[in-house]
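Data block below; observations after.
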There are 2 protein chains.
Amino acid sequence: MRPKEEIILENYIAEKGFKRGAQRKGIAEIFLSTEKHLSAEELYALAKKKYPSVSFATVYRALKVLCGCGLCRELRFDDGVSRYEHLYGHEHHDHLICTVCGRFVEVTDNAIERLQTKLFKRHDFIPQRHRLDLYGICDKCGKKRRAD
Amino acid sequence: MRPKEEIILENYIAEKGFKRGAQRKGIAEIFLSTEKHLSAEELYALAKKKYPSVSFATVYRALKVLCGCGLCRELRFDDGVSRYEHLYGHEHHDHLICTVCGRFVEVTDNAIERLQTKLFKRHDFIPQRHRLDLYGICDKCGKKRRAD
DNA sequence: TATAATTATGATAATCGTTATCATAATATC
DNA sequence: GATATTATGATAACGATTATCATAATTATA
């Protein structure tokens, strides 16, 4: 866990009057050092390696705390499963998702962002947030597919 | 139900060897004549008016058939609830969603579409589909809010 | 138009991801 | 170290959706 993220987490726990549970800390460490859009289930599997007796509830609770202090964000994708992404040090971005291997690529395009703002205005909406998910087949999977 | 949509549905049912159940037909009619992004629960409520004994299962089954013949599409939004949108006579579009009243506006922006295609290419992805949801506050709700 | 075969329907159980509850363990405060 | 409070794990509950099963409706067959 990078020092800044650790400080944010510790401050949040102190400020909320929580105590420092070993599992929660450990799960947070695993999450923050895994640069992936993990689902609760995936994070649980990783946590099990370190804490064989860990419960799903603890994983969900740890994720809730991480979201609470702004270190992560819950994203629900089309399969109905929530995945959690890092927020610290990650500017707003959209997602390119490979439908074969499930890889996530964080992308941004300022021109698209500007056009979205215009789109809000054109329809008299006050912009709040947006979400763009681009589904396709990544280079690696495309090559593999052509080779088969 | 507009004639073309009815034909599509009837053909699909015939081709699959299904029978013509009254409730399914009625639910399809309600769905197709309601130009909204209905959830299963909302459609169930509407169906109940016509068929007081109708079951949730029948609503879900009707929606499955409608999706099967391409008349509708399931979209899962951030609240985890699936909503169903009309496909017939609806070009590809994105969604402007009012976070106050829940209104859906279907929008398209060719410039954004083109930039998305470029984004795919830039990252060596073969484009398949995309999804853009724009969340904000609509004109009506914005005015109401200012008046309060 | 009976009858047989098959699908549609409604009630309800099961499922899946997630959240709540509760008893116990760990941590913090005094 | 005693006390209070949170953390944890086991498990029950939850909401949305799907599966199962008995019965009703529809279609095919005679």
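Letters A, B, ... mirror the listed sequences (proteins, then strands); counts begin at 1.
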*Check whether any side-chain N or O of B/T58 sits under 4.0 Å from OP1 or OP2 of C/dT9, and answer yes or no.*
no

_Any B/Y60 side-chain nitrogen or oxygen under 4.0 Å from OP1 or OP2 of D/dT18_ = no

*asked:* Over all strands shown, is B/K16 touching base, sugar-phosphate only, or nothing at heavy-atom distances under 4.0 angstrom?
replied: nothing

*asked:* Please classify the nucleic acid contact of B/R61 as base, sugar-phosphate, or nothing, using heavy-atom distances under 4.0 Å.
replied: base

*Assert yes or no for the condition that the ring centre distance of A/F31 to A/H86 is strictly below 6.0 Å.*
yes

*Output yes when at least one side-chain N/O atom of A/R20 is less than 4.0 Å from OP1 or OP2 of D/dA7, else no.*
no

*Nearest nucleotide by nearest heavy atom, which residue falls closer to the 5' end of DNA chain C, B/Y51 or A/A22?*
B/Y51

*asked:* Base of C/dT7, side chain of B/K19 - is there a donor-acceptor contact under 3.5 Å?
replied: no

*Out of C/dT9, D/dA16, C/dA11, which has the shortest distance to the side chain of B/A57?*
C/dA11

_Result of checking A/E106, A/E35, A/E74 against A/E85 for side-chain contact (heavy atoms from CB on, under 4.5 Å)_ = A/E106

_If I take atom NZ in residue A/K50 and atom C1' in nucleotide D/dT8, what distance separates them, rounded to the nearest angstrom?_
16 Å

*Do you know which two heavy atoms are closest between B/V105 and B/R103, and how far apart they sit?*
CG2-NH1, 3.7 Å

_Assuming nearest nucleotide by heavy-atom distance, tell me which of B/K64 and B/F18 is located more 5' along DNA chain D._
B/K64

_C/dA8 phosphate, OP1 or OP2, under 4.0 Å from B/Q23 side-chain N/O_ = no

*same_hphob_cluster(B/V65, B/F56) at 4.5 Å side-chain heavy-atom cutoff*: yes

_Applying a 4.0 Å non-hydrogen cut-off, can you work out what A/S39 is touching in the nucleic acid: base, sugar-phosphate, or nothing?_
nothing

*Between B/G21 and B/E74, who's closer to the 5' end of DNA chain D by nearest nucleotide?*
B/E74

*Just say parallel, tilted or perpendicular for the rings of B/F104 and B/H37, cut-offs at 30° and 60°.*
parallel

*Taking only side-chain nitrogens and oxygens of B/S82, does any of them come within less than 4.0 Å of OP1 or OP2 of D/dT17?*
yes

*Considering only C/dG10, D/dT8, D/dT27, which nucleotide approaches the side chain of B/S53 most closely?*
C/dG10

